[in-house]
Every structure is written in structure tokens, then in C-alpha cells.
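Here the structure is a predicted model, which means the values were calculated and not measured. Below, read A as the first sequence line, B as the second, and so on, with proteins coming before strands; counting in each chain starts at 1. Computed from heavy atoms alone, side chains included, the values below leave out hydrogens, waters and symmetry copies.
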Amino acid sequence: MSDLRYTSDHEWARVEGLLVTVGITDYAQDQLGELVYVELPAVGTTVNQGDEAAVIESVKAAGDVKSPVTGTIVEVNESLNDSPESVNNDATGQGWFYKIEIADTSELENLLSETTYNALIAEPS
Amino acid sequence: MANTTPLYALHRELDAKIVEFANYQMPLNYPSGIITEHRQVRESAGLFDVSHMGQIKVTGDSAAESLESLLPTDLSTLDVGRQRYSFLTLDTGGILDDLMISRFEDHYLLVVNASNKHQDFDHIAGSLPADCTAELLDNRSLLALQGPLSREVMSRLCPDLRTMRFMDTMDTEVEGIKCQAFCSGYTGEDGFELATNYDDALKLAQLLLDQTEVQPVGLGARDSLRLEAGLCLHGNDIHPNTTPVAAGLTWAIPASRRKGGSKSGGFPGSEPILLELENGSSLTRVGIQPEGRAPVRAHCEIVIPTGESIGEVSSGGYGPTVGRPIAMGYVKSTYSHLGTELRAIVRDKPLSVKICHLPFVQHNYKRH
């Protein structure tokens, strides 16, 4: 059973107490293609659930990472600046984007379970 | 429902990501991905399906002079067995489409952009005199084999092609498959394009893919390869509102068609174009080097440090061979000097860019 929760915008969130690690799903990285640039938020900024928190650029197109929860950014994955391809190689591991301290844990109820997310991406687009 | 090329089933079998382009279902990339496919072409050989492109055959006694009334080129210097870059111009001086024109024994063949092929055909057919015919060959396909090892591959399969030089053409057979071969492409590399009958294309593609040096390459890498090579994409870098002078394509207009030449003018838009050739254009197409790592893409505004808008990016993205973002676009000619420091507006933020030399990657055409 996965400990990840998901958004319909293809972000994942790993919840450990009040700390939430955020990234994009393997499905999202596959759709985007090879990432060539990542713009991370500044540590200390506050973002709302659904706000654009990071920018991603693949060889094909630009996209964004919407924050799955409201809170304060406490750490970012600086290694993505030099190796954005980590997101392609290991989207839910080495390819994490940032850690955020959640302001309101009730927001977690808005996130999707793995089963629901997998059903979502299995639908023909 | 979008059209398909004769290789559609093969693309699906190779697990390509399919996208609709110019009303065709085309492979964007295969599972190896755009960057790997791009490198494949720079280092070895890549096979492209470009069967969506238009092939227009023009025959007739006055074909050459009739085509010269549409194209600012001089067909008296285009020998049988040779190909040349040109463009269809509009009365405004804009570019309706760019194309490759080849001369064969009894006809001219124009290869035009997929999105424009019906419009180009109507434009050409509508202007030809009674003794000429234009035919849009829809029972044909076009494959491109591009990269430094493509010559080795083709020499093995068809020794005729071994000695072809850049922009040579010939009728030949590749292991029994009839082809028109062109020593050209859209990647900046040595390579060949092979036009065949629709029914032979799959067999030819499979034969090429059976060669150890060759991998399939999709439209994604085709775009990054041509951008690194500084080549224009019609619809982005050139279009009905850009002129050949602003686009830096005047090398394709020979002296005989210019002011004082033996066949001066006489093509659509010749007046504004020849005037601009003398006086210069207000805008100029330039190479743009973003200083940071963020790609600067088409339609980004270009400004001077005070914020005044002086141009726009026409194509931009990531260059896998140079390993950084690259772009081209139009700026006011006074800002077009190499090294000029400008800003491109990306997501409302000004990013530092510099005017740079084109191409980003040296061309490796086999000219001699």
C-alpha cells in the first residue's frame, strides 16, 4: 500500500506528520517527456492549495507544479537545478520538488488515494 | 479524422507517442525520447517519416519560366540532378511557403510543407499556363535518413548514393524499391531523403530500420535538430507576414532576379522585396542565446533593458547537442548585432538573452 496521495493535476504528496513532500507523478513525467529545467519555490514562501509552486520545462513544453496543500515551503530539492532529469528517472523518489509544512491537515481529505488516481489516469483522454 | 502515412501501423508497433500534425497522425517520439533520438541523428543515423509533406510535380514546356513567376529563383542554373531551396512569395513580399525544388529529366518536383500543401498546390496550379500541369502526388511517401552514418548505410543498400553531394538528386532503386533520392534534409547533418510510392514505403522503412546504425526519430527531435541547425520552420520563423530579407534568406535569391539582373523581378512581391534588399528590413531574424537554463519559447516578447519591446521569439527550446536552451526570433534591425544584450519575457519575468550566431551546431553537409 502506497503512502502517497495524489491530485488530479498529477502531483503526489507524501505526508509525515505536518511535513509534506511534493513531486509530480510518474505518469506526469512520462507525458511531459525529458525535463530540461525546473524552477523551485523559495524556502519560506507560503503557498495555497492549488497554487503554482514550481515551474517545469520539458523538451516539449512548459508546465507547472500546483501545491497539493497550503503551507510554508521548508526545503527544496536543489539537485533538480543541475539534474532535472531525476524527475524522469525517479519521479516519486530522487525527483521530489519541495517539502512544505502543512497549515491545515483537513486539506488532505481533498487528495486522491492511489486507487482513485490510477483509475483517473487509466481513463482514455 | 486525421490522415495517416503508410508507416502509421509501424509507428504504433514501435510504441510511438502519436500527435496530430498538419492533419496527420504522426510520431512525436518513440520510447527512447526526444533527447536520445536527437543524439542518435547527430552521432549515428535516424529515420524520419515525413510522408505528410507535399510533393508537387510540375511538367510542361514552359514549366521553368512559369515557376520563375512564382519563385525568386533562376531555374536556368538548376541542372537535372540538382535540388535547391526557394520559397513561394506573396504580393506583399511575405512568404507563402518555403520549399525544395528539384529538376528531373522531364519534370520539376517541389517538396512543400505539410500544412501548406493544398494551398501551395492551388497557388501553383492556378497560375500555370495551358501547356503546364501541376500534380499533387498523394500516392507518395517521403522518408529521411539523417546523420553522419547515413551515407555508410545508404552506400551499403544502394551504391549509387555513395557519391551524392549535398543537393544532388537521382532516380534509383534501393534493394529493388524505386526511389527518387535527394541528398538533403532538415537536421544540419549529412543525409538523404527518399521519395517512394505509398505502397513501397513500409518495406523501405523496415529495410532501413534493420540496419544497426539506424533508429526511428519523431517530429520532436526533428524540431530540436532543425532549430540547432538554424533552419526556419514555416508557420513559426517565416510566414506570410515575414519577408525573405527580414528572415535572412536572401542567399536564395540569385543576382539575376535582383535589381539590374537579367531576369530582375517578375515574382509576387518582387517590388517590396527588391526594395528591401537595397534598403534593409526593419526587423531581422537572429539567433538568441538565453543566458540561464530556462527555455525561451516561441512568442516570448523581447525587450531592451529599459523595457521597450523590440521583438519576439519565433522558435525556442532546448538544444540537446549544445546542452542548453536556444532560440531564434525577430528583433528591430538596430538591435540585431552579435552580442547585443536583451531580455526575453518568460512567465512575466525578464530573462537575460544575447544575440548570437546561427546555426548553433555546425552543418555537416557533404558538399565536395
Heavy-atom closest pair, residues B:His234 and B:His239: NE2-CA, 3.6 Å
Side chain to side chain donor-acceptor pair (under 3.5 Å) contacts in which one or both residues fall within residues 89-98 of chain A, not counting sequence neighbours: A:Ser67-A:Tyr98
Residues of residues 27-48 of chain B within contact distance of chain A, non-hydrogen under 4.5 Å: B:Leu28, B:Asn29, B:Ser32, B:Gly33, B:Ile34, B:Ile35, B:Thr36
Side-chain donor or acceptor of A:Ser113 paired with backbone N/O of A:Thr116 under 3.5 Å: yes
Proximity breakdown for A:Val38 and chain B, heavy-atom pairs closer than 4.5 Å: neither
Side-chain ion pair, B:Asp237 and B:Arg226, N-O less than 4.0 Å: yes
Choice from B:Pro295, B:Gly319, B:Gly323 maximising heavy atom contacts with chain A below 4.5 Å: B:Pro295
Residue pairs involving residues 46-74 of chain A (criterion salt bridge (charged side-chain N to carboxylate O under 4.0 Å, His left out); sequence neighbours excluded): A:Glu57-B:Arg297, A:Glu57-B:Arg347, A:Asp64-A:Lys66
Plane angle bin for A:Tyr27 and A:His10 - parallel if under 30°, tilted between 30 and 60°, otherwise perpendicular: tilted
B:Gly230 versus B:Arg285, closest heavy-atom pair with distance: O-NH1, 3.4 Å
Test ring-ring contact (aromatic ring centres under 6.0 Å, His included) applied to B:His52 - qualifying residues, sequence neighbours left out: B:Phe21
Proximity breakdown for A:Ala61 and chain B, heavy-atom pairs closer than 4.5 Å: backbone
Contact leader toward chain A among B:Gly317, B:Ala294, B:Gly220, where contacts are heavy-atom pairs under 4.5 Å: B:Ala294
Side chain / backbone / both / neither for A:Asp30 at chain B, heavy atoms under 4.5 Å: both
